[in-house]
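Here the structure is laid out as structure tokens; the discussion comes afterwards.
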Amino acid sequence: MSTVHEAPARLLDDRAIPRAGERVTRDAYGRPITYLRVSLTDRCNLRCVYCMPAHGVKFAPRDELLTDDELIRVVRVAARLGFNRIRLTGGEPTVRPHLVEIVRAIAQTPGIDDISMTTNGLLLERLAPDLKAAGLTRINISIDTLDPARYTIMTRGGKLERVWAGILAAEAVGLTPIKLNAVVVRGLNDHEVPDLAALTLDHPWQVRFIEVMPLEGVGHVHDSGLVTTAEMIARLQERFGPLEQLPAPLSDPARVYRIAGAQGTIGFISPVSEPFCAFCNRVRLTADGKLRLCLLRNDEVDLRDFMRRGCSDDELAERIRFAIWRKPWGHGLREGDRNVGRGMSQIGG
Ligand code: SAM
Ligand code: SF4
């Protein structure tokens with residue numbers, strides 16, 4: 001069996017050959033790269049225990065962050081290269097000034113047909129109508145627990161009622177399908193996996209359980225707190241009986257299931273126990289303007305200073321194409337390789 005470092009020969013044979021007239025950009029392994037996750041900021045109004053250390057997080061000075069124009073330019077040039085899907089993330093994307101204007105500009109970019117956002121939901125109640133009107137397609141909201149006191153502990157200060165208000169506002173304006181993200185940490189919220197999954201019985205939502213990853217500064221949370229997808233599924237089957245597996249696109253990191261009779265679905269994202277590198281279709285743009293080629297590898301190509309030195313759009317496109325070509329095959333968590341280099345909030349999860 002191939003390791004995550006080693007691309008299966010079949011992929012190299014079948015997929016690395018550009019198709020005639022094809023508009024998408026492929027990496028050296030033949031994977032079509034069409035999905036850009038854009039971090040709008042490294043700042044956040046929470047300090048989740050699995051994302052940021054309690055102390056010592058350094059935020060980038062403002063002049064090191066991409067301006068609105070620079071960010072929108074990268075998206076426009078990426079769209080020329082065949083990117084059609086954008087996700088706004090962070091840090092917390094809703095604390096970025098001019099968020100609605102940024103969404104509108106991206107939504108109007110020719111070639112972009114899906115623009116989504118991942119948020120902690122705290123500011124969503126007020127923002128949801130304007131985001132929908134600006135062209136946001138759908139939203140993922142992080143909610144790790146249904147217990148207000150535990151939420152405050154896990155996020156170091158958040159108010160769960162604000163998240164609920166955000167979820168309901170997003171649903172009311174049609175930012176659907178709503179997906180709820182829960183990072184599962186042993187001893188903190190793992191016993192709530194069945195209760196979180198039970199939300200899907202009466203709501204057409206997808207509740208997604210994420211294996212905790214050892215990002216910079218929070219490796220110990222992974223080391224003592226990892227709960228694998230297999231264990232979560234076993235716990236759910238104890239409560240709900242056999243889960244039905246549903247088809248999902250190969251490039252979707254979530255494996256999707258349904259509890260019998262439920263309105264919604266359950267997704268499992270298993271970067272640690274079952275990496276989906278073979279079908280990875282994404283790269284990330286960090287808030288400070290680096291193209292990050294793999295979430296869990298410290299491999300980045302600068303776009304910010306290149307733009308600030310006055311490159312043309314064609315030169316920028318060429319640099320992005322070159323970066324994609326050298327996208328690493330995959331991460332090395334299973335082999336104990338943790339050269340991640342940054343925290344999740346600095347990369348754009
Ligand atoms: N602030 C927004 C939020 O929390 O939804 C967006 C940024 S956050 C970094 C994006 C996603 O990464 C969230 O669903 C969060 O739960 C997840 N995340 C953060 N740290 C993680 C870790 N160490 N392992 C797995 N997922 C993590
Ligand atoms: Fe902030 Fe999101 Fe990280 Fe929590 S997971 S600290 S909300 S960026």
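We number each residue from 1, following the sequence as shown. Counting starts at 1 for both ligands and their atoms, following the listed order. Only heavy atoms go into these numbers, but all of them, side chains included; no hydrogens, no water, no symmetry mates.
Distances below 4.0 Å separate heavy atoms of Asn120 from the following atoms of ligand 1: 2 (C), 3 (C), 5 (O).
In this structure, atom 21 (C) of ligand 1 lies nearest to the protein heavy atom Tyr50 CD1, 3.6 Å. Among all protein heavy atoms, the one lying closest to atom 5 (O) of ligand 1 is Ser142 OG, 2.6 Å. Regarding atom 27 (C) of ligand 1, its nearest protein heavy-atom neighbour is Met344 CE, 3.4 Å.
For atom 1 (Fe) of ligand 2, the nearby protein N/O/S atoms, meaning those under 2.8 Å, are Cys44 SG.
With sequence neighbours excluded, the residues that form a side chain to side chain contact (heavy atoms under 4.5 Å, CB included) with Ala60 are Asp42, Glu64, Leu65.
No donor-acceptor pair closer than 3.5 Å links the side chain of Arg292 to the backbone N or O of Asp299. The backbone N or O of Leu146 sits less than 3.5 Å from a side-chain atom of Glu192, completing a donor-acceptor pair.
The shell of residues lying under 4.0 angstrom from ligand 1, judged by heavy atoms, excludes His222.
Between Val272 and His222 there is a side-chain heavy-atom pair separated by less than 4.5 Å.
Ion pairing of Arg80 with Asp314 is present here, as a side-chain N (NZ or NE/NH1/NH2) and a carboxylate O approach within less than 4.0 Å.
A cation-pi arrangement is absent between Arg282 and Tyr35, since the terminal nitrogen or guanidinium carbon is not both under 6.0 Å from the aromatic centre and inside a 45° cone about the axis.
Counted within 6.0 Å of NE2 on His191, heavy atoms from surrounding residues, nucleotides or ligands total more than 12; the atom is thus considered enclosed.
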